[in-house]
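Numbers here simply count residues along the sequence, with the first being 1. Note that the structure is a prediction, hence the values are computed from the model and not measured. Counting starts at 1 for both ligands and their atoms, following the listed order.
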Amino acid sequence: MKNKIAFITGVTGQDGAYLSSLLLNKGYEVHGLMRRSSQFNTARLLELCQDPSADERLQLHYGDSTDSMNVFSLIEAIRPDEIYNLAAQSHVSVSFEMPVYTADVNALGTLRILEAVHRAGLTGRTRVYQASTSELFGKVAEVPQKETTPFHPRSPYGVAKLFGYWAVINYRESYQMFASNGILFNHESPYRGETFVTKKVTQAAAGIAYGLQEKVLLGNLDAKRDWGHARDYVEAMWRILQFDRPEDFIIATGEQHSVRELVEEAFRFIGTSIRWEGTGLNEVGIARVPRYQGGGAIPDRTDTEERVVVEISPEFFRPAEVETLLGDSSKARQLLGWEIKTTFQDLVREMMAYDCRVVEEALKR
Ligand code: NAP
Ligand code: GDD
């Protein structure tokens, strides 16, 4: 049987890297849309797709979700069996600074993919997965959130993704396209972008553990998220497109933790505990940790001190916040046989172990 062909936009991102690895292992030919950048941005992709046989089956194409001609010609030439539309300006906070660009990529970018499939005459062949998000629920109408929960996005990111969500449904209803939304709750990994809160915290805790970083500045410690592992979530994306009909699915763990608990879990890994003092912008997290030595010095990890390791900065608050997210993924579990393999504690431990290893390797150099 001929290998299936997949086209992944956002292939250089966290999910793009995990999904490429999954599909290559399943024997797919994988085509990825990659932005031109002044430096290589394929590090996570290459680290996760190390199988030498993957070389010929992974092809990267320069492109951009904002470029209709480029998206259309790639889809027309590749004629994929499956498209995973993961490309996005994915940072919620940044979307307040760049709302128009965010809408172009996240909303119109999705429409460009759907219309390209339609115009290229591939509606009967190509299945489309859209990276929808729990940010659609925003100011949540019920707890936990299900496929039937009304939406109330709270950022330009969420508003743009809502357009993408409905565009998928519209193409399904208008042209019988196999197009599905995965409404994924937050998912993280060692390959998470460095400005998302999980990675920011685990990188900081690793730096602090080796005396190389003094403290970390955070925003809303009381925001609650349903955090899963990206490896488990790309498996759900694939299952959504293998289902016998196009439908929309919530993908979540059903367990919720606050940013504060995330910080506590990360510092537990380095053998210390956080004591919170003060309130609001004056709240701080204090812990006994190796003395801060600044960059360059070889740290003596036995020389410890009690100091402030977490401070609050107004810079990291958003004009409108999503305070709480908790998903109910019963539908995906029942219809797709999808299941969570990684707990929150295991996720944080895996990220911490990875970030500590990176620091150790840097110190050896
Ligand atoms: P990510 O790490 O930020 O990756 C985003 C990808 O999109 C990167 O490859 C990025 O390229 C690419 N991209 C950005 N703008 C583009 C443009 N104009 N044209 C082409 N490519 C562009 O995000 P992720 O965590 O993997 O998330 C994947 C998708 O799932 C996103 O759509 C995100 O909104 C959605 N989602 C994520 C989560 C989550 O918790 N991770 C939850 C729900 C939904 P560069 O490498 O060049 O920047
Ligand atoms: N980034 C960041 N940095 N967030 C912080 C910080 C900080 O210093 N301090 C507190 N937070 C809070 C945010 O206010 C938010 O409530 C929560 O931590 C999570 O923030 P992010 O990690 O940036 O993720 P997000 O929930 O806004 O968005 C992510 O998940 C969505 C799914 O719900 C992104 O991956 C989106 O692309 C995705 O759709």
Side-chain angles (χ1 to χ4, degrees), residues 8-20 32-37 39-45 61-67 70-71 84-95 98 101-102 104-106 108-110 112-113 129-138 145 153-155 157-158 160-161 164 181-189 191-201 204 216-230 233-234 237 250-252 257-260 262-263 310-313 315-318 320-325 327:
I8 304 176
T9 71
V11 74
T12 53
Q14 170 190 255
D15 291 6
Y18 275 102
L19 181 64
S20 300
L33 180 80
M34 178 179 72
R35 289 198 288 184
R36 191 268 159 184
S37 114
Q39 288 199 311
F40 290 121
N41 60 355
T42 48
R44 337 180 224 207
L45 188 60
H61 307 267
Y62 282 118
D64 199 295
S65 298
T66 59
D67 183 339
N70 161 257
V71 167
Y84 295 86
N85 184 35
L86 310 185
Q89 192 301 92
S90 71
H91 205 280
V92 173
S93 189
V94 171
S95 79
M98 306 175 73
Y101 174 73
T102 301
D104 197 353
V105 181
N106 300 7
L108 296 183
T110 307
R112 288 183 185 102
I113 297 276
Y129 171 87
Q130 166 59 10
S132 284
T133 163
S134 47
E135 279 288 306
L136 300 180
F137 298 117
Q145 294 84 55
R154 294 271 282 171
S155 62
Y157 169 85
K161 283 280 186 178
N181 287 291
I183 307 172
L184 271 52
F185 282 62
N186 297 50
H187 46 280
E188 321 291 315
S189 73
Y191 298 96
R192 185 57 145 151
E194 295 174 356
T195 57
F196 296 97
V197 76
T198 51
K199 185 71 175 174
K200 183 171 167 183
V201 166
V216 60
L217 303 183
L218 294 173
N220 182 4
L221 292 177
D222 296 315
K224 295 191 180 71
R225 290 292 181 273
D226 177 333
W227 278 296
H229 197 302
Y233 284 44
V234 299
M237 295 178 187
I250 296 259
I251 303 297
H257 295 274
S258 63
V259 172
R260 190 186 297 280
L262 163 74
V263 173
V310 181
E311 275 180 12
I312 307 302
S313 166
E315 188 190 340
F316 298 108
F317 286 82
R318 294 155 186 200
E321 172 67 299
V322 172
E323 291 291 348
T324 175
L325 288 172

Consider every N or O of [X] and every N or O of ligand 1, then say whether any pair is closer than 3.5 Å.
| X | answer |
| --- | --- |
| Asn85 | no |
| Ala88 | yes |
| Asn41 | yes |
| Gln89 | no |

Sub-4.0 Å heavy-atom approach of [X] to ligand 1:
| X | value |
| --- | --- |
| Tyr157 | yes |
| Asn186 | yes |
| Arg192 | yes |

Side chain, backbone, both or neither: Val259 near ligand 2, heavy atoms under 4.0 Å: side chain
Under 3.5 Å side-chain donor-acceptor pair for Gln89 and Asp104: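 Not at all, the side chains of Gln89 and Asp104 share no donor-acceptor pair under 3.5 Å.
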Any Arg192 heavy atom less than 4.0 Å to ligand 2: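 Arg192 counts as a contact of ligand 2 under the 4.0 Å cut-off.
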Ligand 2 contact by Phe317, heavy-atom criterion under 4.0 angstrom: no
Ligand 1 versus Lys161: contacting region, heavy-atom distance under 4.0 Å: side chain
Glu323, Arg318, Glu135: member with heavy atom nearest to atom 27 (O) of ligand 2: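 Heavy atom nearest to atom 27 (O) of ligand 2 belongs to Arg318.
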